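Counting starts at 1 for both ligands and their atoms, in listed order. Not measured: the values here are computed from a predicted model.
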Amino acid sequence: LQDNYDVIIIGSGGAGLTSAIQAYELGLSPVILEKMDKIGGNTTRASSGMNAAETFVQLNHKIVDSFQAFYDETFVGGGKKNNPELLKFFTEHGALAIDWLEKHGIELDDLTITGGMKTMRTHRPSSMAPIGGYLVTELLKLVKKDQIPLFDKIKVDKLLMTDGKISGVITDKEKEIHAGAVILATGGFGAGKDLLEKYRNDLLKLKTTNQPGATGDGIKLAKAIGAKLVDMDQVQVHPTVQQDTSHAFLIGEAVRGEGAILVNKQGVRFVNELDTRKNVTKAIDDLGGTGAYLIFDTGIRKRVKAIEFYDHVGLVESGQNLLELADKVGFDPQTLQMTVDKWNFAVAKKDDLEFHRTTGMDRKIIQGPFFAIHIAPAVHYTMGGVAINPQTQVLNENNQVIKGLFAAGEVVGGLHGNNRIGGNSIAETVVFGRQAGQQVFKYLQ
Ligand code: ADP
C-alpha cells in the first residue's frame with residue numbers, strides 16, 4: 001500500500017470495481033480498499049440481472065424499447081419519488097454500459113423481466129447464472145489484468161480534507177493515504193443495525209439478505225464532513241427470501257419472471273407475483289406472518305440456473321407431480337391442483353382475471369417434477385444515502401459539491417424513490433461506476 005494515489009476507491013462491489021477500471025483506462029492510478037476478507041460486497045449476491053433500454057441485446061431478441069419507457073416504469077415503481085436528474089442519466093446510459101461491458105468481454109446476452117417492468121430489459125449471462133457472481137468475477141479479471149491495486153481487510157475510517165477539498169483517507173490501521181479524489185462505493189446499510197434503528201426501527205426484527213459488511217460506512221464518512229443524506233427511511237424489503245435456515249437466501253425475481261407463482265399456505269394465489277417488491281411484500285405480510293410459497297415446474301427451473309444452487313443447499317421441496325408436492329409441503333392437493341390449473345388457463349389466454357398479472361406468462365406450470373420454495377420478506381436494499389448530482393459528485397447540506405468526493409452504487413440515495421426495481425441495482429453500479437471514474441478524471445485535470 002503506497003502513501004499516494006490519484007484516486008482512492010472505497011469498496012469492491014460492482015460500483016467500486018467499475019469505477020476503478022474506468023479511472024485506470026483514463027490513465028489514473030486508482031487503489032481499491034475493501035474492509036472485508038471477501039471481494040464483491042452485496043453485488044456478488046445479486047441474482048436477476050442488469051436493466052437497460054435500447055440495447056443491441058434487446059434488438060437481437062427483437063425487443064424494441066425506449067429510454068422513456070424505462071424512465072417511466074422506474075418512476076412509477078419508485079412511487080414517483082425518484083430524483084428525476086439521476087433517473088434520466090441512469091436510464092439514458094444503461095445501453096452504453098452494456099456496450100462497455102461487452103467490449104470488456106462481459107456478455108449479458110440473455111433477457112428476463114423483473115417486477116414492475118413491462119418489457120424484457122433485464123440483461124443476464126446466457127448461462128443464466130446469477131448476475132452478481134458473474135459480474136464480480138469478470139470485473140476482477142480486468143482489475144488483475146490492469147494490475148490495479150486492491151487490498152482487502154482495510155477499512156476506511158475517515159475522510160481527510162485539506163483547504164476545503166478531499167485529500168485522502170485514514171484507515172483502521174491509522175494509516176493516512178493521500179489522493180486528489182475519493183470514490184465512495186461502500187454499498188448500503190441493510191446489515192447496519194444502528195442506522196436501521198435510527199431510520200426504520202420497525203424493520204429491526206427482520207432478517208437481511210445483505211452481507212455483514214453492509215453497515216452504511218460510506219454514509220457516515222460522508223456525513224461527518226457535511227454531506228447531505230436523502231431518503232434514509234426508504235428501505236426495501238424483498239418479498240421472496242428463504243429464511244428457514246440460519247442464512248437468508250434471496251430467491252431471485254427471475255423465478256417469478258420466468259413463470260413461477262406465489263401461493264399462501266392453503267395453496268391459493270393471492271397477488272400479482274410481478275407487481276413491485278413493495279406491493280408483493282405487503283401482500284405476503286397481509287397473510288399474517290407465515291410467509292408464502294413459490295411454485296414452479298421443471299420448464300421454469302431450467303430457465304433459472306440459480307435454482308440448482310437453492311436446491312443444492314436444501315431450500316427446494318419437490319414432487320414428481322403436484323399431488324406429491326402438495327403432500328410434502330402440506331397443501332390440500334386438490335386446492336393446489338386447482339390453483340395451477342387456473343393459472344395455466346390464464347397463461348393460455350394471456351389473461352390473469354384474478355390478479356391482472358401481465359408479465360412472466362410465457363410458460364405454463366406443467367412439466368414434472370414440480371417444486372416449492374418457502375419464502376418470506378427480508379431487508380434487502382437501502383434506497384437512501386448520500387446526495388449526488390448526475391456527475392456523481394457528493395453534495396453538502398446546501399446542495400454544493402464537496403470537492404473531490406464522488407459516490408456511486410447503493411451508498412447513493414435518490415435514484416430509486418421509495419422502491420427499487422429489480423435489475424436496477426446492478427445497472428446503477430455499472431452506469432454510475434463508469435461515470436464516477438470519468439468525472440474523477442475530469443476533476444483531476
Ligand atoms: P455496490 O453494489 O454499491 O457496489 P456492494 O455492497 O456490492 O455495493 O459493495 C460495497 C463494498 O464496500 C462491500 O464489499 C463492503 O464491505 C465495502 N465497504 C463498506 N464500508 C467500507 C469501509 N469503511 N472501508 C472499506 N470497504 C468498505
Side-chain angles (χ1 to χ4, degrees), residues 1 8-22 30-48 50 90 97 130-137 139-140 143 149-160 168-175 177 182-192 194-195 208-224 236 250 379-386 388 392 406-416 420 422-437:
L1 190 60
I8 297 167
I9 293 155
I10 316 176
S12 70
L17 296 175
T18 305
S19 62
I21 294 163
Q22 180 66 84
V31 64
I32 308 168
L33 305 178
E34 168 57 54
K35 70 174 175 175
M36 305 300 281
D37 56 4
K38 278 204 196 92
I39 301 301
N42 277 338
T43 300
T44 51
R45 299 185 174 205
S47 59
S48 54
M50 168 165 164
F90 173 70
I131 180 112
Y134 171 73
L135 186 67
V136 168
T137 306
L139 290 174
L140 270 179
V143 165
L150 185 167
F151 296 90
D152 64 357
K153 291 182 274 185
I154 295 186
K155 176 167 171 273
V156 171
D157 273 346
K158 199 170 176 223
L159 300 175
L160 291 171
V169 304
I170 301 183
T171 73
D172 53 346
K173 315 260 175 345
E174 297 199 8
K175 181 173 168 61
I177 310 172
V182 167
I183 300 174
L184 298 171
T186 44
F189 60 94
D194 53 344
L195 286 177
T208 180
T209 59
N210 285 201
Q211 61 107 1
T215 50
D217 299 14
I219 294 170
K220 295 178 192 166
L221 291 170
K223 174 108 172 66
Q236 179 167 71
L250 183 139
V379 170
H380 181 52
Y381 185 92
T382 49
M383 270 82 68
V386 300
I388 62 166
T392 68
F406 298 77
E410 193 176 348
V411 66
V412 170
L415 175 66
H416 305 291
R420 180 176 66 77
N424 276 354
S425 77
I426 286 292
E428 92 176 303
T429 68
V430 184
V431 168
F432 288 103
R434 287 191 66 218
Q435 172 72 327

Proximal protein residues to ligand 1, non-hydrogen atoms under 4.0 angstrom: I10, G11, S12, G13, G14, A15, L33, E34, K35, M36, G40, G41, N42, T43, I154, K155, V156, A185, T186, G187, Q211, D217, G409, E410, T429
Residue list, side-chain hydrogen bond (donor to acceptor under 3.5 Å, both in side chains) with S12, at least two apart or on another chain: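 S12 satisfies side-chain hydrogen bond (donor to acceptor under 3.5 Å, both in side chains) with E34 once adjacent residues are dropped.
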Side-chain touch T186/K35, heavy atoms, less than 4.5 angstrom: no
Heavy-atom closest contact (V136 atom, I39 atom, distance):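 Reported closest heavy-atom pair: CG1-O, 4.4 Å.
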Pairing residues for D172 by the salt bridge (Lys or Arg N to Asp or Glu O under 4.0 Å) criterion, not counting sequence neighbours: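 Partners of D172 under the salt bridge (Lys or Arg N to Asp or Glu O under 4.0 Å) test: none.
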With sequence neighbours excluded, residues passing salt bridge (Lys or Arg N to Asp or Glu O under 4.0 Å) with K158: none
Side-chain donor-acceptor contact under 3.5 Å, H416 with Q236: no
